[in-house]
Student: 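To start, I am sharing the structure in question, which I have written as structure tokens.
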Amino acid sequence: MNIEQFKTEMKNRTVVVANSELHLHMFETGEMTRKITAEINNQYNPPEKIQELFSQLIGQKVVNFTLFPPFYTDYGKNISVGGKRVYKLRLLFSRPRRH
């Protein structure tokens with residue numbers, strides 16, 4: 001199963017049956033996603049390496065892209081970046097508490 005087939009199945013709300021091709025795709029892609037996000041989050045990576053890892057994660061080359069870990073995703077292949085888009089998900093701004 002390829003990514004486009006998977007996306008179509010999810011869009012059509014196909015029931016995922018244990019050990020089916022759909023289930024195996026979800027599992028294999030999830031394993032790869034966890035591996036890449038662990039590499040992004042659990043060690044220092046220069047910006048070029050972050051771009052390389054993120055490109056692997058989403059399945060398309062990214063350029064002029066900055067990511068400040070930690071970063072989390074469950075699948076990754078449905079992410080696209082580029083153009084004049086700003087993505088804000090679980091964005092946290094904090095400041096020290098004053099007494």
Student: Measure the CG-CD1 distance between L53 and I58 for me, rounded to the nearest 0.5 Å.
Tutor: 12.0 Å
Student: Hey, is NZ on K61 packed in by over 12 heavy atoms from elsewhere, all under 6.0 Å?
Tutor: no
Student: Which one of T29, L22, L24 satisfies the side chain to side chain contact (heavy atoms under 4.5 Å, CB included) criterion with M1?
Tutor: L22
Student: Quick check: closest heavy atoms across Q51 and V63, and the distance to 0.1 Å?
Tutor: OE1-CA, 4.0 Å
Student: Are the side chains of M32 and K77 in contact, using a 4.5 Å heavy-atom criterion?
Tutor: yes
Student: Roughly how far, to the nearest 0.5 Å, is the CD1 atom of I79 from the OG1 atom of T73?
Tutor: 4.0 Å
Student: Can you list the residues that meet the ring-ring contact (aromatic ring centres under 6.0 Å, His included) rule with F65, with sequence neighbours excluded?
Tutor: F54
Student: The criterion is salt bridge (Lys or Arg N to Asp or Glu O under 4.0 Å); which residues satisfy it with E52, sequence neighbours excluded?
Tutor: K49
Student: Identify the two heavy atoms, one from N41 and one from P69, that lie closest to each other, and give their separation to 0.1 Å.
Tutor: OD1-CB, 3.6 Å
Student: Distance from F71 atom CZ to T37 atom OG1, nearest 0.5 Å?
Tutor: 8.0 Å
Student: Is it true that atom CG of N2 has more than 12 heavy atoms of other residues, nucleotides or ligands lying nearer than 6.0 Å?
Tutor: yes
Student: What is the minimum heavy-atom distance between E39 and N45, and which atoms define it?
Tutor: O-ND2, 2.9 Å
Student: Please, which pairs that meet side chain to side chain donor-acceptor pair (under 3.5 Å) have at least one residue in residues 8-18, sequence neighbours excluded?
Tutor: E9-T14
Student: If I take atom OG1 from residue T33 and atom NZ from residue K35, how far apart are they, to the nearest 0.5 angstrom?
Tutor: 11.5 Å
Student: Let me see the working for V17 and H23 under side-chain contact (heavy atoms from CB on, under 4.5 Å), right down to the final yes or no.
Tutor: CA-CA 6 Å; V17 177; H23 179 247; over 6 Å; no
Student: Hey, does the side chain of E31 reach the backbone of E28 with a donor-acceptor pair shorter than 3.5 angstrom?
Tutor: no
Student: Mind checking whether I36 and F27 sit in one hydrophobic cluster, side chains of I, L, V, M, F, W, Y counted as touching below 4.5 Å?
Tutor: no
